[in-house]
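Since this is a predicted model, take the numbers as computed values, not measurements. First listed ligand is number 1; within each ligand, the first listed atom is number 1. Computed over heavy atoms, backbone and side chain alike; hydrogens, waters and symmetry mates excluded.
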Amino acid sequence: MRKFVPFVFAFCIYLRESQSVGLVGKTVVFGAASESPRYVKFLNEGFSELTALTLCMRFASEDQREYSPFSYNTPAHDNELSLWYKVEDGHGVLSIYFHKDFAQFTVPLVTSMMKHVCLSWESSTGVVTFWLGGERTLQKVAHQGGHVQGGGTMLVGEDQDSVEGDFEPSQRFVGEMSEVNLWDHVLSANDIKAYSEGCHSPGGDIVDWNTVIHVVEDPASMVTIKNNPDCVI
Ligand code: CA
């Protein structure tokens, strides 16, 4: 047994060195699809469950196909909280999944232009609203009375079909993404509008882009973290 101790020790060191802290002023470019999954995993603040949330991010992609910009799975549930984009009849469709519950919205096509996208939901009413560039969609209802379970794995760049596994290359996000933040409450309309117009917005209390501990899984070197030119004053 003794010979295994150095190996275990080295493995622990490796895990720690793979972690980075904070992405303030940074943007992530996910290169074209490769054989290997590549993603950024957020080691978010722990939560037991969410009964309300606001998820915001900026992203752009030239791919007109289905992909997942944000994927959160728990051991019990695939798509415990998952953002989904697809194209239908020449327009875009953005969906939020709460395991098997979902709400989908017809939106303009996602293009090469960076867009600020937010999603808010609260369990008590089930009201779901998307915000694109600070303007909201109509309201829909999903997962009323439900919750989002804690203890899962949250990542961007791939769609998990199991916890950090079973990635399908055809559902990979290829494009640029920044300012991913997740709050445990519904932000006000004024806050969402302000964050859509500015840079360095206050971070979320579950995921804070400015300080989030993250791991870049990128065996084929398809992920590049760059300075965010939008944030240069
Ligand atoms: Ca999938």
Exercise for the section: Anything under 30° is parallel, anything over 60° is perpendicular, the rest tilted; go ahead and classify Y85 against Y67. Expected result: tilted

Problem - Metal-centred angle, OD2 of D161 through the Ca ion (ligand 1) to OE1 of Q171, rounded to 10 degrees - result: 140°

Problem - Centroid separation W84 to F102 less than 6.0 Å - result: no

Problem - Under 3.5 Å: donor-acceptor pair, side chain of N73, backbone of N79 - result: yes

Fill in the blank from the handout: The atom of D159 among N, O or S that is nearest the Ca ion (ligand 1) is OD2

Handout entry: Member of Q160, E80, E158 meeting the side chain to side chain contact (heavy atoms under 4.5 Å, CB included) criterion with S71
Key = Q160

Problem - Atom of E168 closest to the Ca ion (ligand 1), considering N, O or S atoms - result: OE2

